There are 2 protein chains.
Amino acid sequence: MSNDCKVETALDILVGKWKPVILYHILSNGILRFSELQRLIPDITKKMLTSQLRELEYHDIINRKIYAQIPPKVEYSMTEYGKGLMPLLESMHNWGLAHIEHLNEIYGEEEAK
Amino acid sequence: MSNDCKVETALDILVGKWKPVILYHILSNGILRFSELQRLIPDITKKMLTSQLRELEYHDIINRKIYAQIPPKVEYSMTEYGKGLMPLLESMHNWGLAHIEHLNEIYGEEEAK
DNA sequence: TGTCATAGTATCAAAAAGGAAACCATAAGG
DNA sequence: CCTTATGGTTTCCTTTTTGATACTATGACA
C-alpha cells in the first residue's frame, strides 16, 4: 500500500538542508569548484558541503571531476541524468512560491512561519 | 540569489518522515479518523501523528473536523487547496520510481541505499 | 464501581543531524 | 624554512528530531 509511495525517494535526494541551494548554484553556474561553492554558500561547513556533494554524486545527480594537481582542484557539475531533476525542482519552486502567498492570505504578512 | 529558491518551502511541507505517507492515506481514503491513520501507519506514535497533522493543518493542506462527542471523533481530509499538491506529489512519486530503477542500473539490484 | 474507547498531552530518553575547530598532504613562492 | 592555497577528514560537541511511555478527560456500558 503505502510502500508504493516513492515520494520519499525523491525527497531523500533533495533533503538535507543544503542540497537545494547546492543544486541551485551548480545549475546556475554550470561548473563550480569546491571553494567556489563554499564562497557562494558562506554558512555551510566543509563537512556538510562534502557530505552533501557526496550524496548527490552517489545518486548520479552531479559529477565530481578531480584534477591531479596541487593545490587540489575539484569541479562539480550536473550529470546529464541529474539535469532531469530540473523540471521537478522547478515545480517545487513554483509551488513553494505560490504557497508563501497562500500563507500570507491566510495568516497575513507577518511571519509565515 | 539563492534566497529566490523556494524549493525548500515545498520541501518543508513534505518533509517529516511521516507526512508523505499520511498524505498518501488521506488522499486515497478521502476522510480518515485519527485512529484510522494510526492503524494504517502502525509504526507512527501518537505524538508524531499529532504533530505532523497539525503542521499540515497549519499549512492548509488538511482539514481537521472535530465532532463534539464522547469518545472524541476527529476527521482529517484534504482541503481544496491541499488537493493542489497532488500533481507535485505525483511528479515526485514518478521521479522517485524512475530513480530507483536508475540506481539499479548503476549499482545493480542489491540494495540501492 | 470498574472498564473501554478516542484523541490527544506531557515527560523523559535516545538517536540523528548539524556545526566548530583542528589537522593533513603537497607544491609554489618568498 | 615559512607561508599560502585547496579540498578535504576527523573528533568532539550541541541542537533537533524522533520515540517510548505514562497520563488525561469523558460518557457509555456491564
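The sequence lines fix the lettering, A, B, ..., with proteins before strands; numbering per chain opens at 1. Everything numeric in this text was worked out from a predicted model, so none of it was measured.
Under the 4.5 Å side-chain criterion, counting only non-hydrogen atoms from C-beta, L40(B) is not in contact with V21(B).
Both Q38(B) and D43(A) sit near DNA chain C, but only Q38(B) has its closest nucleotide nearer the 5' end. Between K47(A) and P71(A), the residue anchored closer to the 5' end of DNA chain D is P71(A), taking for each the nucleotide with the nearest heavy atom.
Linking Ile, Leu, Val, Met, Phe, Trp and Tyr whenever their side-chain heavy atoms come within less than 4.5 Å leaves F34(B) and I31(B) in two separate clusters. Hydrophobic clustering places I66(A) together with L53(A) (ILVMFWY residues linked when any side-chain heavy atoms are closer than 4.5 Å, directly or through intermediates).
The distance between atom CD1 of I70(A) and atom P of dG29(C), rounded to the nearest whole Å, is 14 Å. Atom CD in Q52(A) sits about 10 Å away from atom C1' in dG18(C), given to the nearest Å. Regarding K46(A), its NZ atom lies at a distance of 13 Å from the C1' atom of dA25(C), rounded to whole Å. A straight line from OH of Y67(B) to C1' of dA7(C) spans 15 Å, rounded to a whole angstrom. Following rounding to the nearest Å, D12(A) (CG) and dA17(C) (C1') show an atom-to-atom distance of 14 Å. With rounding to whole Å, R54(B) atom CZ is found 10 Å from dT9(C) atom C1'. Look at CZ on R64(B): it is 8 Å from C1' on dA7(C), rounded to the nearest Å.
The pair E36(A)-R39(A) does not meet the salt-bridge criterion, since no charged nitrogen lies less than 4.0 angstrom from a carboxylate oxygen.
Taking side-chain N and O atoms only, R33(B) has a distance below 4.0 Å to OP1 or OP2 of dA7(C). Taking side-chain N and O atoms only, R39(B) has no distance below 4.0 Å to OP1 or OP2 of dA5(C).
Shown here for S77(A) and G30(A), the closest heavy-atom pair between the two residues is CB-O, 3.3 Å.
No donor-acceptor pair under 3.5 Å is formed between the side chain of Y76(B) and the backbone N or O of E57(B).
Heavy-atom contacts of chain B under 4.0 Å fall on DNA chain D between two terminal nucleotides, which in 5' to 3' order are dT18(D) to dG27(D).
Which of dG19(C), dA7(C), dT11(C) sits closest to the side chain of P72(B) comes down to dA7(C).
Residue L56(B) is tested with N63(B), T79(B), I61(B), L85(B) for a side-chain contact (heavy atoms from CB on, under 4.5 Å); the sole match is I61(B).
Residue K17(A) is classed as a sugar-phosphate contact, given heavy-atom separations below 4.0 Å to backbone atoms only. Heavy atoms of Y76(A) sit under 4.0 angstrom from primed sugar atoms or phosphate atoms, though from no base atom.
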